[in-house]
Amino acid sequence: MSETTPIPAELIARLRQAQRVTVLTGAGISAESGVPTFRQAQTGLWARYDPQQLATPQAFRRQPQLVWDWYAWRRTLVAAAEPNPGHFALAEMERRAPHFTLITQNVDSLHHRAGSRAVLELHGNIARTKCSREGQVVETWPETDERPPRCPHCGAFLRPDVVWFGEALPADALDAAIAAARAAEVFLSVGTSGLVHPAAGLPLLAGEHGASTVEINPEATPLSDEMTYCLRGPAGVVLPALVAAVWP
């Protein structure tokens, strides 16, 4: 088992008393399930492509089939993964905390599969498909050999329902995340790099509004010095231990 930071008694007491708990998760918790991080995913036939050049509206306009095929390949990587103990611990935390919000930068549905219900997806969901013109989620379409397939309503290409570089985050999810950060009494930042904005600003916003802020990560991040507590270790180890300590 990895070396982990002991859980402070005052954090246990604070979580036990808290009415409003908010959690932000990033790529680190999914990596523990075997989901490659954005850059790690570039292997095999895709190794010669820069993901930051593929995950853009401009790339989709230039080479829609290439982008569609890349996301189809990424979906197979995600589908092979299973939720880990960190995901299940957060689902248990949701059942225990009176008011709980889970904000994720991940697009892999692992939180849902672990049983979490109140999930705000800031970057979309790779399992969903939407119309590239109208933005509406499309669940079924006529099967043809064309890639990408066409929207059954307007005939435009379909695309993954994820946020690409240069696109705005979904306004409803972002507004709800900001509200949850402001209202939190305890805010946990789990497996995030602290580099991707605006999500990286949420723990700081929570702290400014009086929350105890907790970073759970094996390594220090740019946010570490601003956090109330830093628990070093994998999410799959630290989160179950934290839940067991707070709600034995």
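Looking at every heavy atom in both residues, A127 comes nearest to R75 through CA-NE, 4.3 Å. V163 approaches G124 most closely through the heavy-atom pair CG2-N, 4.4 Å. When all heavy atoms of A177 and L122 are compared, the pair lying nearest together is CB-CD2, 4.1 Å. When all heavy atoms of P203 and A200 are compared, the closest pair comes out as CD-O, 3.3 Å. Shortest non-hydrogen contact noted between L66 and Y49 is CD1-OH, 3.7 Å. Between P240 and A235, the closest heavy-atom pair is CD-O, 3.5 Å.
Contact check for E139 versus P152: no side-chain heavy atoms found under the 4.5 Å cut-off. For the pair W70/P51, a side-chain contact is recorded, criterion being any heavy-atom separation below 4.5 Å from C-beta on. Annotation: side chain of V78 is not in contact with side chain of V107 (no heavy-atom distance under 4.5 Å). You'll find the side chain of C154 reaches within 4.5 Å of the side chain of E134, heavy atoms only. Contact annotation: the side chain of L24 never approaches that of L188 to less than 4.5 Å [non-hydrogen atoms, C-beta and beyond]. Counting only heavy atoms from C-beta outward, the side chains of L239 and I29 approach each other to under 4.5 Å. Using a 4.5 Å heavy-atom threshold, the side chains of P170 and E121 count as separate. Using a 4.5 Å cut-off on side-chain heavy atoms (C-beta onward), P83 and L110 make contact.
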Practice problem: Would you please test I7 and V246 for side-chain contact (heavy atoms from CB on, under 4.5 Å) and show each step? | Solution: CA-CA 10 Å; I7 299 169; V246 175; over 6 Å; no
Exercise. Applying side chain to side chain donor-acceptor pair (under 3.5 Å), run through T25 and T104 and close with a yes or a no.
Key: CA-CA 5 Å; T25 65; T104 188; 2.8 Å; yes
Practice problem: Start with the C-alpha distance between V23 and T101, add both sets of side-chain angles, then the distance that settles side-chain contact (heavy atoms from CB on, under 4.5 Å), and finish with yes or no. | Solution: CA-CA 6 Å; V23 179; T101 304; over 6 Å; no
Quiz prompt | C151 vs L158, side-chain contact (heavy atoms from CB on, under 4.5 Å): CA-CA, chis, key distance, verdict | solution = CA-CA 6 Å; C151 174; L158 297 178; 3.7 Å; yes
Quiz prompt | side chain to side chain donor-acceptor pair (under 3.5 Å) evaluation trace for T213 with T228 | solution = CA-CA 5 Å; T213 54; T228 314; 3.2 Å; yes
Practice problem: Check the pair M93 / W247 against side-chain contact (heavy atoms from CB on, under 4.5 Å), numbers first and verdict last. | Solution: CA-CA 9 Å; M93 192 178 292; W247 297 284; 3.7 Å; yes
Exercise. Go through the steps to decide whether T192 and N217 satisfy the test side chain to side chain donor-acceptor pair (under 3.5 Å), and finish with yes or no.
Key: CA-CA 7 Å; T192 66; N217 210 310; 5.1 Å; no
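Rounded to the nearest 0.5 Å, atoms CD1 (I126) and CZ (R74) are 4.5 Å apart. Separating the OG1 atom in T56 from the CZ atom in R62 is a distance of 5.5 Å, to the nearest 0.5 Å. Taken from NE2 in H99 to CD in Q19, the straight-line distance is 6.0 Å, to the nearest 0.5 Å. Here CE of M227 is found 5.0 Å from OG of S189. Values are rounded to the nearest 0.5 Å. Between the CZ atom in F60 and the CG atom in L54 there is a gap of 12.5 Å [rounded to 0.5 Å]. Atom-to-atom distance recorded for E10:CD and L15:CG is 11.5 Å, nearest 0.5 angstrom.
Not one N or O on the side chain of E226 forms a donor-acceptor pair closer than 3.5 Å with the backbone of L204. In this structure, T76 contributes its side chain and W73 its backbone to a donor-acceptor pair below 3.5 Å. Not one N or O on the side chain of R20 forms a donor-acceptor pair closer than 3.5 Å with the backbone of E185. Side chain of N106 to main chain of G26: a donor-acceptor pair is present (N/O by atom type, distance under 3.5 Å, no hydrogens or angles). When atom types are taken as modelled, the side chain of T5 and the backbone of L231 share no donor-acceptor pair closer than 3.5 angstrom. N125 contributes no side-chain N or O that, together with a main-chain N or O of D161, makes up a donor-acceptor pair within less than 3.5 Å.
In the hydrophobic cluster analysis, where Ile, Leu, Val, Met, Phe, Trp and Tyr join through side-chain heavy atoms closer than 4.5 angstrom, V243 is grouped apart from F88. Note: the hydrophobic cluster containing V35 does not contain V190 (ILVMFWY, side chain heavy atoms under 4.5 Å, direct or indirect links). One hydrophobic cluster, built from ILVMFWY side chains closer than 4.5 Å, cannot hold both L11 and F187; they sit in different ones. A continuous path of Ile, Leu, Val, Met, Phe, Trp and Tyr side chains, each step under 4.5 Å between heavy atoms, connects V186 with V119, placing both in one hydrophobic cluster. Both L120 and L205 sit in one connected hydrophobic cluster of ILVMFWY residues. Membership requires side-chain heavy atoms under 4.5 Å apart, directly or through other members.
Legend: ring-ring contact (aromatic ring centres under 6.0 Å, His included) pairs involving residues 102-138, not counting sequence neighbours, sorted by first then second residue: H87-H111. Residue pairs that meet the salt bridge (Lys or Arg N to Asp or Glu O under 4.0 Å) test with at least one member in residues 238-248, sequence neighbours left out, do not exist here.
Enclosure of atom CD in Q136 is not indicated, since only 12 or fewer non-hydrogen atoms of other residues, nucleotides or ligands lie within 6.0 angstrom. More than 12 heavy atoms of other residues, nucleotides or ligands shown are found within 6.0 angstrom of CZ on R95.
Hydrophobic cluster membership for V196: none, as no Ile, Leu, Val, Met, Phe, Trp or Tyr side chain comes under 4.5 Å of it.
A salt bridge links R159 with E167; the closest basic N to acidic carboxylate O contact falls under 4.0 Å. A salt bridge links E215 with R232: the closest approach of a Lys/Arg side-chain nitrogen to an acidic carboxylate oxygen falls below 4.0 angstrom.
Aromatic ring centres of F157 and W68: separated by at least 6.0 Å.
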